[in-house]
Engineer: 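Encoded as structure tokens, here's the structure I'll be asking about.
Because only heavy atoms are used, hydrogens play no part in the values below, and waters and symmetry mates are left out as well, while side chains stay in. All values derive from a computational prediction rather than experimental measurement. Numbers here are sequence positions counted from 1.
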Amino acid sequence: MSELRSAQWYAGSDRNAYLHRAWMRRGLPEDAFDGTKPHIAIANTASDLTPCNAHLNEVSEYVQKGIWEAGGIPLNLPVLSLGETQVKPTAMLWRNMAAMAIEEMLRANPIDGVVLLGGCDKTIPALLMAAASVNLPAIVVPGGPMLTGTFRGEALGCGTDVWRLSEEVRSGQLSNEQFIKSESSMIRSKGHCNTMGTASTMAVVAEALGMTIPGFAGTPAADARLLALSHQTGRQIVEMISADRRPSQIMVKESFLNAIIAVAAVGGSTNSVVHLLAIAGRLGVDLTLEDFDRVGRDIPLLANLQPAGKFLMEDLFRAGGLLALLSQISERFFSTPITVTGKPLTDYFAGNDVFDTAVIRSPGQPLMEGAGIAVLRGNLAPNGAIIKPSAATPALLTHRGPALVFDSIEDLHNRIDDLELDVTPDTVLVLRGCGPKGYPGMPEVGNMPLPKKILEQGIRDMVRISDGRMSGTAYGTIILHVSPESAAGGPLALVRTGDIIALDVPNRTLNIEISDAELALRTPNNATTSAYAKPVRGWSKLYVDHVQGADTGADLDFLVGSSGDAVNRESH
Ligand code: FES
């Protein structure tokens, strides 16, 4: 092993080395500072206000055991955490702040490598973005999904069933009392959402990128095997430091393509698009929206999991797990990129059997053909927009209808239940002012509720378009991430109620049926830049001034790229 980075703090007999060592001793053995033992941070997103990650302190203990056992020094590093269901206006506003803070603390501290403990939606993306920009040896521990909760004898999917049950209340099929009763049944155990929402998707992404021990993603949080794999991860990071195996060697272009294939096969969240683009941007990997469409286009949907299907993450684990699923289409994956172990992901496919073909479908009987996220372009989205066909109504994937425009989420909430609303099942709901700059933070409001008038007709889906995101647990014919966003001068700001919108997913187009000349005469609706979108100080101001479009990952312009692990000048 070459000289450890931490030796730049601890080696020598001068005053500064004395300072660095003395304050860190506190029970560490004498040889902790002799330059033979790597110092390893455990970047821990545990927080009581990130309930999906609250168990990660226990997980950290098992990682620490593995690190000690392999000859390293584990160091718990609490890092900024984001509770998806708790923070307002949206956790996405702080993904880049978390990534920046984690990046700076990894670089500033005397560490040789890092174990990344994440779970809830934004935590794994922020950790991976930070690790990519520092490029010290790094490995992910996905915190795992919660166990299946049941209500009146039926499984409840986190998020997905909240959307479904709340629509049933609004349409009069379910009493509000029953709805509230279901609340205590949904969150049954420690762990993150148990649907194939964003947290589960990002665990899949981390594994497909090569950044977890293969076979880890999808292990339930309450399963003892999660602790065993955490222990193993502790050993693995010590080996990675010895081998000098870094994120830039693992997360290469083909690893990102593998992640896109995996997301398509599991019916993963549309949020993975902005996160993968942002991580790639940190590494200088040339990943584009077109890669998602090209690579995911003919991948079959094999996971029968909510929101695209029926089952939940515990069922996927019982049915054989992620590797069993991915091995069904092993020939689709690139075998050149290595994982944290130094071997390709494809080396781990053999010997993983499927035990329940209702949960893990075969390529011959997929839940859907061509399940990858589709990228649309046209005069409404010159820089692109996305849709998840596996969560959409097939009959609506080609559609033409009049727009009904909402200028903000408040405008939508104020009018959506108005029985006088001029709306039919063919209407296209348009919501703007919800992009990275416009909200700000690009919230998950794209899965806007259907008008009460439509719900009462028994209709459960309509074409919806916005420059926001949607929860990975949501479903419907929903076009998201329209770029440029309305607040950045995108044509979404020019749409008027009554304009005809034409959607053609098979041909990947999204247009307003208005000539370029007429569009050019229109002035953008200023209501799309609300007072919220003009912060005068703090993180929100920095964010709005520097955030880039969703089509490139919504990172801050000055955070794209890497500064490596260079050690800064002395503190004293
Ligand atoms: Fe944390 Fe869904 S709210 S993963």
Engineer: Between F33 and H39 (judged by ring centroids, cut-off 6.0 Å), do the two rings come close enough to count as a pair?
Structural biologist: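 That pair passes the under 6.0 Å test.
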Engineer: Does the S562 side chain pair with the main chain of S133, one donor and one acceptor, at a distance under 3.5 Å?
Structural biologist: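 Here the side-chain-to-backbone pair exists.
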Engineer: Go through it in stages, so that I can follow the logic: the residues are D121 and R95, the test is salt bridge (Lys or Arg N to Asp or Glu O under 4.0 Å), and I'd like the CA-CA distance, side-chain angles, deciding distance and then a yes or no.
Structural biologist: CA-CA 10 Å; D121 293 16; R95 181 201 65 178; over 6 Å; no
Engineer: Side-chain contact test, heavy atoms from C-beta onward, threshold under 4.5 Å: evaluate it for M146 versus M313 and give yes or no.
Structural biologist: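 No; the side chains remain at least 4.5 Å from each other.
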Engineer: Could you list all the side-chain hydrogen bond (donor to acceptor under 3.5 Å, both in side chains) pairs where at least one residue sits in residues 301-316, not counting sequence neighbours?
Structural biologist: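 side-chain hydrogen bond (donor to acceptor under 3.5 Å, both in side chains) check on residues 301-316 returns T148-E314, D315-R318.
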Engineer: Using the test ring pair (Phe, Tyr, Trp, His ring centres under 6.0 Å), find all partners of H275 that sit at least two apart in sequence or belong to another chain.
Structural biologist: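 Expected list: none.
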Engineer: Salt bridge or not for K65 and E69, using N-O below 4.0 Å?
Structural biologist: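 Salt bridge absent between K65 and E69.
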Engineer: Backbone N or O of L75 within a donor-acceptor pair of the Q64 side chain at under 3.5 Å?
Structural biologist: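 Not confirmed, Q64 side chain does not pair with L75 backbone.
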Engineer: Under a plain distance cut-off of 3.5 Å, with no hydrogens placed, do N53 and T45 share a side-chain donor-acceptor pair?
Structural biologist: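 The answer is yes; a qualifying pair exists.
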Engineer: Does E444 offer a backbone N or O that forms a donor-acceptor pair with the side chain of S471 under 3.5 Å?
Structural biologist: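 Side chain of S471 to backbone of E444: no pair is present.
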Engineer: What's the verdict on side-chain contact (heavy atoms from CB on, under 4.5 Å) for F355 and I360, showing C-alpha distance, side-chain angles and the deciding distance?
Structural biologist: CA-CA 8 Å; F355 302 112; I360 300 178; over 6 Å; no
Engineer: Report the residues that fulfil side chain to side chain contact (heavy atoms under 4.5 Å, CB included) with A43, sequence neighbours left out, ordered by chain and then residue number.
Structural biologist: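 Here the qualifying residues are V79, V114, L116, L127.
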Engineer: Quick check: are there more than 12 heavy atoms from other residues, nucleotides or ligands sitting under 6.0 Å from CD of E331?
Structural biologist: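 Counting other residues, nucleotides and ligands, CD of E331 exceeds 12 neighbours.
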Engineer: Can N57 and N44 be counted as having a side-chain donor-acceptor contact under 3.5 angstrom?
Structural biologist: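 Indeed, the side chains of N57 and N44 share at least one donor-acceptor pair under 3.5 Å.
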Engineer: Before giving the answer on side-chain contact (heavy atoms from CB on, under 4.5 Å), spell out for I139 and M240 the whole-Å C-alpha distance, their side-chain angles and the decisive distance to 0.1 Å.
Structural biologist: CA-CA 9 Å; I139 186 169; M240 290 175 73; 4.1 Å; yes
Engineer: Under 3.5 Å, side chain of R26 to main-chain N/O of W23, donor-acceptor pair present?
Structural biologist: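 A pair under 3.5 Å: yes.
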Engineer: Regarding T150 and E154, do their side chains bring together a donor and an acceptor under 3.5 Å, going by distance alone?
Structural biologist: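 Side chains of T150 and E154: no pair found under 3.5 Å.
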Engineer: Would S81 and T50 count as having a side-chain donor-acceptor pair, cut-off 3.5 Å?
Structural biologist: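 Side-chain D/A pair, S81 to T50: present.
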Engineer: Return yes if a side-chain donor-acceptor contact under 3.5 Å exists between N135 and R246, otherwise no.
Structural biologist: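 On atom types as modelled, these side chains do not qualify, holding no pair under 3.5 Å.
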Engineer: Donor-acceptor pair, S230 side chain versus S60 backbone, under 3.5 Å?
Structural biologist: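 The answer is no, because no donor-acceptor pair under 3.5 Å joins these two groups.
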Engineer: Before accepting this row, confirm whether a basic side-chain N of the pair D555/R282 lies closer than 4.0 Å to the acidic partner's carboxylate O.
Structural biologist: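 Yes, this pair counts.
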Engineer: Just by modelled atom types, is the A217 backbone N or O under 3.5 Å from a matching donor or acceptor in the E207 side chain?
Structural biologist: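 Checking the backbone N and O of A217 against the side chain of E207, a donor-acceptor pair under 3.5 Å is found.
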Engineer: Decide side-chain contact (heavy atoms from CB on, under 4.5 Å) for W68 and I73; before the verdict, give the C-alpha distance in whole Å, the side-chain angles of both, and the deciding distance to 0.1 Å.
Structural biologist: CA-CA 6 Å; W68 279 121; I73 307 290; 3.7 Å; yes
Engineer: When you measure from the side chain of T233 to the backbone of V63, do you find a donor-acceptor pair of N or O atoms at a distance under 3.5 Å?
Structural biologist: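 No; judged by distance alone, with no hydrogens or angles, the pair does not exist.
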Engineer: Scan side-chain atoms only and decide if H20 and E570 contain a donor-acceptor pair under the 3.5 Å cut-off.
Structural biologist: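 Yes, a side-chain donor-acceptor pair sits under 3.5 Å.
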Engineer: Any side-chain heavy atom of P110 sitting closer than 4.5 Å to one from Q8?
Structural biologist: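 The answer is no, as the side chains (C-beta and beyond) never meet within the 4.5 Å cut-off.
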Engineer: Applying salt bridge (charged side-chain N to carboxylate O under 4.0 Å, His left out), name anything that partners E61, two or more places apart in sequence or on another chain.
Structural biologist: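 In terms of salt bridge (charged side-chain N to carboxylate O under 4.0 Å, His left out), with neighbours along the sequence ignored, E61 is linked to no residue.
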Engineer: Suppose we screen for salt bridge (charged side-chain N to carboxylate O under 4.0 Å, His left out). Which residues come up paired with E239, at least two apart in sequence or across chains?
Structural biologist: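 Once residues adjacent in sequence are excluded, the partners of E239 under the salt bridge (charged side-chain N to carboxylate O under 4.0 Å, His left out) criterion are R245.
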Engineer: Are more than 12 heavy atoms from other residues, nucleotides or ligands located less than 6.0 Å from atom CG of L19?
Structural biologist: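 Above 12, so yes.
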Engineer: Between L4 and Y10, is there a side-chain heavy-atom distance shorter than 4.5 Å?
Structural biologist: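 In short, these two side chains do not touch, never coming nearer than 4.5 Å.
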Engineer: Applying side-chain contact (heavy atoms from CB on, under 4.5 Å), run through L289 and L277 and close with a yes or a no.
Structural biologist: CA-CA 8 Å; L289 271 182; L277 289 167; 4.2 Å; yes
Engineer: With a 3.5 Å cut-off and no angle check, do the side chains of N352 and S327 form a donor-acceptor pair?
Structural biologist: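 S327 and N352 do not have a side-chain donor-acceptor pair below 3.5 Å.
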Engineer: Please list all pairs meeting ring pair (Phe, Tyr, Trp, His ring centres under 6.0 Å) that have one or both residues in residues 300-348, counting only residues at least two apart or in different chains.
Structural biologist: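 Only F333-F349 qualify under ring pair (Phe, Tyr, Trp, His ring centres under 6.0 Å).
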Engineer: Determine yes or no for a side-chain-to-main-chain donor-acceptor pair under 3.5 angstrom, with W539 supplying the side chain and L93 the backbone.
Structural biologist: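 Yes, W539 side chain to L93 backbone: donor-acceptor pair under 3.5 Å.
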Engineer: Using modelled atom types and a 3.5 Å cut-off, is there a donor and acceptor pairing between side-chain atoms of H192 and backbone atoms of A221?
Structural biologist: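 Not at all, since once roles are kept as given, no pair shorter than 3.5 Å links the two residues.
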Engineer: Is the side chain of S166 donor-acceptor paired with the backbone N or O of W163 at a distance under 3.5 Å, no angle test?
Structural biologist: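 Yes; judged by distance alone, with no hydrogens or angles, the pair exists.
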